[in-house]
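Please read the structure below before turning to the comments.
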Amino acid sequence: MQIESQIQDVHFGEGAIAKVSAILNQLGVRKVFLVADEPAYDVSGAANELETLFADYGIDRFSGFKPNPKLEDIQRGIQQFCGSNPDVLIAVGGGTAIDLAKLIGTLANHQADPRKMITGLYNIEKNGPPLIAIPTSAGTGSEATHFAVAYVDSQKYSVADSRLLPSHVVIDPRLTHSLPAGITAASGLDAFCQSVESIWAVGATDESIRYASESVHLALANLLHCVQHPTPEARMAMCRAAYLSGKAINISKTTAPHAISYAITTRFGLPHGLAVALTLGEILKFNASVRSTDCTDPRGAGHVQARIAFLLELLDQPTAERAAGRIQSLMESVGAPLQLRDAGILVEDEFTWIAEQVNVERLSNNPRKLAHRDIEKILQKIS
Ligand SMILES: [Zn+2]
């Protein structure tokens, strides 16, 4: 199955990984730089499929990196990449492997210090080689975005540039069949939250809302199956939900639940999707009460309320309160923590700390203005 995409070569469907051979031929590749999350590479079955193929090419492998891309791993990758001189990058794994490959390939082509490029002191000006993104989980949708997350001294940065968008995407749902329930739940919730946030984002367009609404619909119908009784059909649907969530936020970007989540993940080690889902219901209720005095969307509070109403329809709930309950029951059914204390976050001082970590200026993509005290109140409600 081919999913329409204007700027990426996308192959989607069971067995799609066999297309990698044709892509390498078409690109005239001699040497491959593989960025692989090793356990996922082996367990997903990707290694089985790709290793025979790699026998025909020179190959350099980069692995052994930590979850959530760190500057140290990016620097190590760039060093290895520069000594390798490959014609293509292949990323196999979740969001971390794909974001690392985006940054390694692109930043290696610049003279500037990677730290300065990630922190925004220097702009990206040149393309890296083509990147074939092969996700092994259904979650971040990183294969469809022009962003890459990177942590420098525990501070989270999001590098954004059109040159970071992978040139080729191969989504083979079979690679997700062996995912354990916990990872299926966390990554699936990430996709779901990204799409929900995308619908109310200030950056949303008609196009991003189309992707996001199909993604929400697919996640609601399939995530629980994928966690409890996975079938190939449900896995395929969640892969599509994740890819579409990436397409949606590639346009709209994410909002408050994502912004708040990064401090929770860094400090308490809670997986990204679970950290984001924690505040989603409360932020939905918060955003639903938007007024012209605190609306950040230039299209006005009425426009935002219309989009929240559209979201309530998608969630099949009459009020924001009930919709937040629907989100909670989805989280509960897939085994996600509903409250901070379930995630081991007990001390009230921590709420202030988490709130202070959020760059409120960067929250301008949330349709309702949020101050640090609003974030603290939201954290209290889910304590
Ligand atoms: Zn996310």
Side-chain angles (χ1 to χ4, degrees), residues 7 33 35 62 64-86 89 91 94-131 133 140-167 194 201-203 246 249-256 258-267 272 275-276 296 353-366 370 372 375:
I7 28 180
F33 191 84
V35 178
F62 177 72
F65 42 81
K66 297 199 183 75
N68 307 312
K70 311 273 186 293
L71 175 67
E72 295 68 29
D73 283 327
I74 297 161
Q75 287 168 323
R76 185 168 61 88
I78 290 174
Q79 200 172 18
Q80 194 181 326
F81 182 93
C82 289
S84 167
N85 201 23
L89 285 110
T96 299
I98 297 173
D99 280 5
L100 278 173
K102 289 174 178 177
L103 290 169
I104 291 169
T106 312
L107 302 190
N109 209 13
H110 293 74
Q111 296 298 322
D113 179 358
R115 173 189 288 266
K116 291 185 174 164
M117 297 201 70
I118 292 166
T119 55
L121 293 176
Y122 288 101
N123 290 330
I124 292 173
E125 285 166 350
K126 289 185 269 184
N127 283 312
L131 166 61
T140 66
S142 170
E143 67 276 11
T145 74
H146 67 283
F147 316 116
V149 168
Y151 286 82
V152 178
D153 307 329
S154 300
Q155 181 78 37
K156 179 251 173 192
Y157 293 87
S158 180
V159 188
D161 191 281
S162 60
R163 297 171 188 87
L164 293 176
L165 185 75
S167 54
Q194 288 178 170
V202 174
I249 61 163
N250 189 47
I251 297 171
S252 72
K253 299 193 178 166
T254 55
T255 65
H258 264 74
I260 299 168
S261 76
Y262 296 109
I264 300 177
T265 293
T266 316
R267 174 91 157 224
H272 172 67
V276 177
T296 56
W353 182 83
I354 295 167
E356 278 168 359
Q357 298 308 301
V358 181
N359 183 339
V360 281
E361 264 105 70
R362 291 238 211 103
L363 280 180
S364 56
N365 199 40
N366 196 70
L370 270 154
H372 282 136
I375 300 173

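By the salt bridge (Lys or Arg N to Asp or Glu O under 4.0 Å) test, Asp161 pairs with Arg163, sequence neighbours left out. Judged as a side-chain hydrogen bond (donor to acceptor under 3.5 Å, both in side chains), and not counting sequence neighbours, the contacts of Asp153 are Arg115. Under the side-chain hydrogen bond (donor to acceptor under 3.5 Å, both in side chains) criterion, His146 pairs with Asn250, not counting sequence neighbours.
Lys70 forms a cation-pi arrangement with Tyr151, by the criterion of a distance under 6.0 Å to the ring centre and an angle within 45° of the ring axis. Figure legend: cation-pi geometry between Lys156 and Tyr262, with NZ or CZ positioned under 6.0 Å from the six-membered ring centre and within 45° of its axis.
Val149 has its side chain out of reach of Asn68: every pair of non-hydrogen atoms, C-beta onward, lies at least 4.5 Å apart. Between Phe65 and Arg76, some side-chain heavy-atom pair lies under the 4.5 Å cut-off. Contact of the Val276 side chain with the Ile260 side chain is not registered, since no non-hydrogen atoms from C-beta on lie closer than 4.5 Å. Proximity of His258 to His272: side-chain heavy atoms (C-beta onward) are separated by under 4.5 Å at one or more points. Using a 4.5 Å heavy-atom cutoff, the side chains of His110 and Ile124 are in contact. The shortest distance between side-chain heavy atoms of Asp73 and Lys66 falls below 4.5 Å.
Atom OG of residue Ser167 and atom CG of residue Leu131 lie 6.0 Å apart, to the nearest 0.5 angstrom. To the nearest 0.5 Å, atoms CZ (Arg267) and OG (Ser154) are separated by 10.5 Å. Taking CD1 of Ile104 as the reference point, atom CG of Asn109 lies at 13.5 Å (rounded to 0.5 Å). Atom CZ of Phe62 is separated from atom CZ of Phe81 by 12.0 Å, given to the nearest 0.5 angstrom. With rounding to the nearest 0.5 Å, the separation of OG1 in Thr254 from CD1 in Ile249 is 6.0 Å. The CE atom of Met117 sits 7.0 Å away from the CD atom of Glu125 when rounded to the nearest 0.5 Å.
Thr255 and Asn365 share no side-chain donor-acceptor pair at under 3.5 Å. Side-chain atoms of Lys126 and Thr106 include no donor-acceptor pair closer than 3.5 Å.
Closest heavy-atom contact between Leu370 and Ala256: CD1-CB, 3.3 Å. In terms of heavy-atom proximity, Gly105 sits nearest to Pro129 at O-CD, 3.8 Å. Scanning all heavy atoms of the two residues, the minimum distance from Ala148 to Leu103 falls at CB-CG, 3.6 Å. In plain terms, the two heavy atoms of Gln194 and Gly246 that are nearest each other are NE2-N, 4.4 Å. When all heavy atoms are compared, the tightest approach of Ala91 to Ala101 is CB-CB, 3.6 Å. When all heavy atoms of Phe33 and Pro86 are compared, the closest pair comes out as CB-CG, 3.6 Å.
By the neighbour-count criterion of 12 heavy atoms within 6.0 Å, atom CZ of Phe147 is densely surrounded, having more than that number from other residues, nucleotides or ligands.
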Next item on the list: In sequence, state the C-alpha distance, the side-chain angles, and the governing distance for Ser364 and Thr296, and then conclude on side-chain contact (heavy atoms from CB on, under 4.5 Å).
Entry: CA-CA 6 Å; Ser364 56; Thr296 56; 5.6 Å; no
Check: Should Thr145 and Thr140 be marked as a side-chain contact (heavy atoms from CB on, under 4.5 Å) after you check the CA-CA gap, both sets of side-chain angles, and the distance that decides it?
Finding: CA-CA 9 Å; Thr145 74; Thr140 66; over 6 Å; no
Next item on the list: Tell me, with the steps shown, if Leu100 and Ile74 meet side-chain contact (heavy atoms from CB on, under 4.5 Å).
Entry: CA-CA 6 Å; Leu100 278 173; Ile74 297 161; 3.5 Å; yes
Checklist line | From CA spacing to verdict: side-chain contact (heavy atoms from CB on, under 4.5 Å), Leu89, Val35 | finding: CA-CA 7 Å; Leu89 285 110; Val35 178; 4.2 Å; yes
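At distances below 3.5 Å, not a single donor-acceptor pair connects side-chain atoms of Lys102 with backbone N or O atoms of Glu143.
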